[in-house]
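First up is the structure itself, then whatever we jot down about it.
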Amino acid sequence: MPGPDVTRMRTVQQALSIARKDLAIELRTKESLNAAGAFAVTILLLLSFVFDVTSEETRAIAGGLLWLVFAFAGALVFNRGFARELPNECLDVLLASPLSRASLLVGKAVANFAMLLVVEFVSLIVFGIFYDIRWWLHPAQLAGAFVLATWGIAIIGAVFGALTVNLRLRELMLPVIIYPLLIPLLIAAIEMTNLLFSAQPSQSDELLWARLLVVFDVVFTALALALADTILVN
Amino acid sequence: MPGPDVTRMRTVQQALSIARKDLAIELRTKESLNAAGAFAVTILLLLSFVFDVTSEETRAIAGGLLWLVFAFAGALVFNRGFARELPNECLDVLLASPLSRASLLVGKAVANFAMLLVVEFVSLIVFGIFYDIRWWLHPAQLAGAFVLATWGIAIIGAVFGALTVNLRLRELMLPVIIYPLLIPLLIAAIEMTNLLFSAQPSQSDELLWARLLVVFDVVFTALALALADTILVN
Amino acid sequence: MPEAVVLEGVWKFYGDYAALRDVTLAVESGSCCALLGRNGAGKTTLLRILAGLSHIQRGQVRLMGESPRNEKARKQTGFLGHGIGVYEDLSACENLHFFARVAGVRDAKSMVSNWLDRVELGRVAAMPVRQFSRGMRQRLALARTFLHKPSVLLLDEPFTSLDDRAIAMLSELLLDARREGATIIFSTHQLREAFAIASHVALIENGRLRFTGERTPEMLEDPGLLYRRYMDSGAA
Amino acid sequence: MPEAVVLEGVWKFYGDYAALRDVTLAVESGSCCALLGRNGAGKTTLLRILAGLSHIQRGQVRLMGESPRNEKARKQTGFLGHGIGVYEDLSACENLHFFARVAGVRDAKSMVSNWLDRVELGRVAAMPVRQFSRGMRQRLALARTFLHKPSVLLLDEPFTSLDDRAIAMLSELLLDARREGATIIFSTHQLREAFAIASHVALIENGRLRFTGERTPEMLEDPGLLYRRYMDSGAA
Amino acid sequence: MREKIVIGLAVAAALLLSYNLYQMFMVLPDEAMQGAIYRILFFHAPAAIVGMIGYFIALTFSVLYLSSKNLRWDSLSASIVEVSLVFSVVNIVTGSIWARIIWGIWWTWDYRLTSALVCVLIFAGYVMMRRAIEEPTQRARLSAALCIFGCVDVVIVWKSIEWFRNNHPGPVLSIRTGGGTMDPAMERIFYLNLLAILLMAIALVLVRTRQEATAREIDSLRRLANAA
Ligand code: HEM
Ligand SMILES: Nc1ncnc2c1ncn2[C@@H]1O[C@H](COP(=O)(O)OP(=O)(O)OP(=O)(O)O)[C@@H](O)[C@H]1O
Ligand SMILES: Nc1ncnc2c1ncn2[C@@H]1O[C@H](COP(=O)(O)OP(=O)(O)OP(=O)(O)O)[C@@H](O)[C@H]1O
Ligand SMILES: [Mg+2]
Ligand SMILES: [Mg+2]
């Protein structure tokens, strides 16, 4: 019987190989980045019709707009997540393989995470131009906030994807319940982003939201790992 | 050789049978509705936190928010549209069958249309509650506007769902291509919705936007029918 | 007898790989042609071209005198591909009804129930295909293919995962279809079954047509014969 | 010899349909058991249970003394289902590499290229699976199944759409695997091939085990025999 | 022969351009309100106009392709779209530089600007789509369809956004205003530069179509080689 941290090691490795595989499939055609860029632009274009972007309020809700775009991009990415395993019954093969359910779920989450980060980075640049927002004021903190929030979204997205491919749980409309779990996390992300866009963010609030994000990540990840074995059965 | 209106009859019948089939499957699996519904609700709730919804400005951009969400939800629905034909190579069977391309395209559009309307209705209710918008002031006109706009979105979604069905990156490509095309329609829909949310809409503007919607629907439906044969070949 | 299916100097390229090389083949109407060849020979490619699902770069294809993409031709063809082409989430009955409507079949109701019985799926007609066993799917796919009484049948490995009884049933169906004047082209790797049914044989190797002709009795005795005699790569 | 695979009084219900009824079967390690039966008999169900992909309602299943869902058991099993279980958008090589990593195979590189050659896909190793012919996919799926040297092989209709040469190749593989002590359970409808390879035979009908035992020479002579003798429904 | 035409066009464009540049910076005075920066107009507007023209020519070729199934038309319209896209981008970039200086912002959602951007997006999607499809005939079919939809849509966008707020300067050319808005000397250079850019565009398209043609030849040759 291998020791606990050996198995944990393997879990991580396997998760990474899953993620690498998904990314390989996704990046098959090199256009994915252009697509992401064009995607961001189109969304921002849409948004610009909804809001009078020159006005100060819009500047104030910049964070909200950004995370709206990310949420949508996320939805597109996550829907693929496990659906990618359905043709040719690849999911069965993975479930029959020594691969642990947890690492499968985490692997998917990591893949989601990476793709989403790409889209987010591109959107951020485009956004900066169109809404002339100075987002590079606090690069380090911003990066931190994005990573934290994105991971939370990615892991829930993975669970969401797993639920939608599970034949028995699908009919229960569980996804509709799982997905809104993201709202508090998104709010935290939005508030934090807005803070970091402003010239001198108040350290205290920043910390507050950051802590909230961390809490969510931990909770969601734990939740996902706990649910892994129950969700990933057919 | 059957007469023109006989063939037209058959086209319509076939289109309807396609649509009925898609809706039947959707009712079983709830794939699109899960994804789109969950997303729409989440975003609406999220936004209601982002803006203080009591403020007048928010009221003023209500239409914008709604149609933004619908456009997103739509993309999620359309991605499934033709993808639903891929497993077991059903699309090949349909293309090899006497079914006319036009009716296949229209059938998909009708299915999109129905699903999107459902999502829209749900979102509208959620919206009404969280933003306390009185959307039932002019039910007839509102319904009219929604139907017109939704059909436009649906037909574009069907056409480009078909164009992108066997592309990798379909998920990203589809919105990238359809949103720019949809912009005029969305503008009209947004303006009209805002008008209809307000107590006494000015008839003249309303007509103006309605006319734009009609033009859009007619032009693009005609184009779709004309190009169906060239679009739907693999 | 007139020719139901004609290919003349057909070249099919995938990228720059030539999957079919100058294939010229004519199948008389009412005959049953077995399309044989190793994995990757080009059988599926050929059948997909006949079904109008795949462009050719050079040559000419005629189905009952029409181009395969022509609606008139499509009306008369029944195609069974590698993917079985039925919807997982619909029941057997619903699937057939749908395809009957699509093909514009008269009195769909009776036809459907009739065919469900012929392929011995009447018992599970209301069951979603997702719950079918592989063989049951294949049977359903067959029913779907025959449903609209096509006069040209294009079957890609129709025997796949059918049990002995189902194979007998399929042979019956094919015989009946021929009696009603239908033309049949099918690919398979189960040579015995193939020779038992076929009236003609076409052998493909690397996209080239190696042999076409009547099915001779000696083929029945020694199925391996054809491969040994006509293919460079020879027998196993 | 110890038993590699043991089923005791296994009942499998789908809803209220009993797909497996009180199945009790023991397969000695190192033997090759052919799982026969008509369409819908329960072969796939049985194999999926052994692969840990499907719950059972009553009875007990042991794979090398473990429960099939147990990671230790999964490490030692190789499963080939109806779906071939490879990724359309990855090349043959990438597919195998991925599954090698997942199964934690040592020196994956050499193993992969080695297996690609054995199934005669070395030439198209870099081609995305989407461009493979059906037989080529099946070969790849086989390579995927054997890749991690499993000691229990669960193969569901492995011969599907393989040509004569590929079938010979597969028989070779199975013999080698047995020599190395692997246990093999496979289902098929191609009785001849089945009897040629199998050391034991299990016959299922409507979820009930009708016959289990050694493969006798007479089965080889008259493949139909088994069905005629042991099944209520009898021959075709 | 063909090279000669291309080279000739290129040379003509270059000469004309240098003449215009000389005129712009040495002869023409600064503009009353904007000062030196107004000269960007001589590239900004023509780029936009050339782009627009290009798209609609591409439209006609797409229709031609669909009716004739001749891949030559496809590659022609494709190259035109690509070149037009370049000029549209030039228009937007110059524009937003100008905007930055005159209005103090990079961008605003004015109907002219927006429709320009929508245009760019649609045809950027067009280019991406072409990249994503290998099979030539399929690629041709789909991009033709997209081009048609795109052009029709651009028109609707143009018409529909006109109802919107806009702070982008309206027509200044006398053919559209009936004269008086623009100093004739300036306008002369404007037209000359439009001509120069048009020539440049044509040259580029010719080069591009040439590439496409050779690509097609190479493809078929490779096929023959592999078939043998
Ligand atoms: C990103 C910013 C901009 C974009 C995308 C843009 C786009 C366009 C387009 C598409 C046209 C061609 C329309 C036509 O020919 O009728 C045009 C023309 C023109 N633009 Fe811009 N523009 C931008 C900024 C500016 C700015 C800042 C100015 C000056 C304050 C300006 C002045 C003009 C003028 C004078 C014309 C010629 C109008 C005419 O003759 O019709 N543009 N622009
Ligand atoms: N989409 C494609 N792109 C590139 N090559 C392809 C494509 N489809 C098939 N091929 C190649 O064409 C050749 C013939 O394929 P085809 O499917 O016709 O073989 P087949 O005779 O049906 O084989 P099998 O008996 O295994 O089904 C194969 O070498 C295959 O690799
Ligand atoms: N998910 C499911 N839900 C309900 N019934 C099912 C399900 N899967 C299989 N069945 C039923 O269980 C029975 C056995 O199915 P199974 O796939 O094991 O048959 P099989 O022996 O593999 O047949 P074949 O030779 O055609 O593959 C069939 O009658 C089938 O209808
Ligand atoms: Mg094949
Ligand atoms: Mg089975």
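As the structure is a computational prediction, the values presented were derived from the model and not from experiment. Labels below follow one simple rule: chain letters A, B, ... track the order of the sequence lines, proteins then strands, and each chain is numbered from 1.
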Basic-acidic side-chain contact under 4.0 Å: [X], [Y]:
| X | Y | result |
| --- | --- | --- |
| B:D229 | E:R141 | no |
| B:E85 | B:K21 | yes |
| E:E212 | E:R216 | no |

>> Test ring-ring contact (aromatic ring centres under 6.0 Å, His included) on B:W67 and B:F146; report intermediate values, then the result.
In response: CA-CA 10 Å; B:W67 283 100; B:F146 271 46; 5.1 Å; yes
> Side chain, backbone, both or neither: which part of E:L66 has an atom under 4.5 Å from a heavy atom of chain B?
Replying inline: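 E:L66 touches chain B through side-chain heavy atoms alone.
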> Of the listed residues (B:L223, B:L185, B:V159), which shares the most heavy-atom pairs with chain E below a 4.5 Å separation?
Replying inline: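 Highest number of heavy-atom pairs under 4.5 Å: B:L223.
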With a 4.5 angstrom heavy-atom cut-off, is it the side chain or the backbone of [X] that approaches chain E, or both, or neither?
| X | result |
| --- | --- |
| B:L181 | both |
| B:Y179 | neither |
| B:I177 | side chain |

> Is there a donor-acceptor pair under 3.5 Å between the side chain of B:R84 and the backbone N or O of B:N79?
Replying inline: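 Answer holds: no.
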